[in-house]
Amino acid sequence: MTRAWATLWTRSQAAAADRHTIMELGTPSPVLMERAALCCAREALAMRGDLPVWALCGPGNNGGDGVAVARILHGWGCRRGRSC
């Protein structure tokens, strides 16, 4: 599968897309976060080669997203010091 490069959005563009998806399309916020985390986890594994995957999560809004990605990777068998 060929991967296309993503377009980077500003914070306000990402917030507007989230609002549209939640308010106009009716996707609950937790579902949106889980779907985004699933996609990020898949991409992390696809990009890593033989390298380990690390999740560094800060206290801001994206911290919850990072924790969700780490939880999914853990569920797929990724463990500290071990390949997944």
Side-chain angles (χ1 to χ4, degrees):
M1 173 169 72
T2 303
R3 296 189 188 283
W5 288 98
T7 301
L8 296 178
W9 291 354
T10 65
R11 183 180 355 180
S12 61
Q13 288 172 318
D18 283 353
R19 275 192 308 279
H20 172 76
T21 303
I22 294 165
M23 302 302 289
E24 303 297 323
L25 302 180
T27 303
S29 179
V31 172
L32 181 61
M33 187 167 94
E34 283 297 309
R35 297 297 299 163
L38 179 62
C39 292
C40 288
R42 257 193 233 134
E43 287 302 311
L45 289 183
M47 293 171 52
R48 73 181 173 93
D50 291 332
L51 299 173
V53 176
W54 288 82
L56 304 174
C57 306
N61 287 340
N62 290 331
D65 297 320
V67 170
V69 172
R71 180 180 38 76
I72 290 168
L73 290 170
H74 186 268
W76 289 347
C78 297
R79 303 287 191 278
R80 184 170 61 179
R82 211 173 72 182
S83 267
C84 38

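Contacts classified as salt bridge (charged side-chain N to carboxylate O under 4.0 Å, His left out) and involving residues 18-32 (residues at least two apart or in different chains) are not found. The salt bridge (charged side-chain N to carboxylate O under 4.0 Å, His left out) analysis of residues 55-70, with sequence neighbours excluded, yields no pairs.
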Just distance, no hydrogens or angles: give the donor-acceptor pairs under 3.5 Å from side chains in residues 27-34, sequence neighbours left out.
residue, atom, partner, partner atom, Å
Glu34, OE1, Arg71, NH2, 3.0
Glu34, OE2, Arg71, NH2, 2.3

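Hydrophobic clustering, defined by side-chain heavy atoms of Ile, Leu, Val, Met, Phe, Trp and Tyr closer than 4.5 Å, leaves Leu51 isolated from every other such residue. Chaining together hydrophobic side chains whose heavy atoms lie under 4.5 Å apart places Val69 alongside Leu38, Leu45, Val53, Ile72, Leu73, Trp76. Through ILVMFWY side-chain contacts below 4.5 Å, Trp9 is grouped with nothing and stands alone.
Between Ala55 and Ala70, the shortest heavy-atom contact is CB-CB, 3.7 Å. Across Ala37 and Ala68, no two heavy atoms sit closer than the pair CB-CB, 3.6 Å.
Contacts of Ser12 classified as side-chain hydrogen bond (donor to acceptor under 3.5 Å, both in side chains), with partners at least two apart in sequence or in another chain: Thr10. With sequence neighbours excluded, no residue forms a salt bridge (charged side-chain N to carboxylate O under 4.0 Å, His left out) with Arg35. Applying the side-chain hydrogen bond (donor to acceptor under 3.5 Å, both in side chains) rule to His20 yields no partners; only residues at least two apart in sequence or on another chain are considered.
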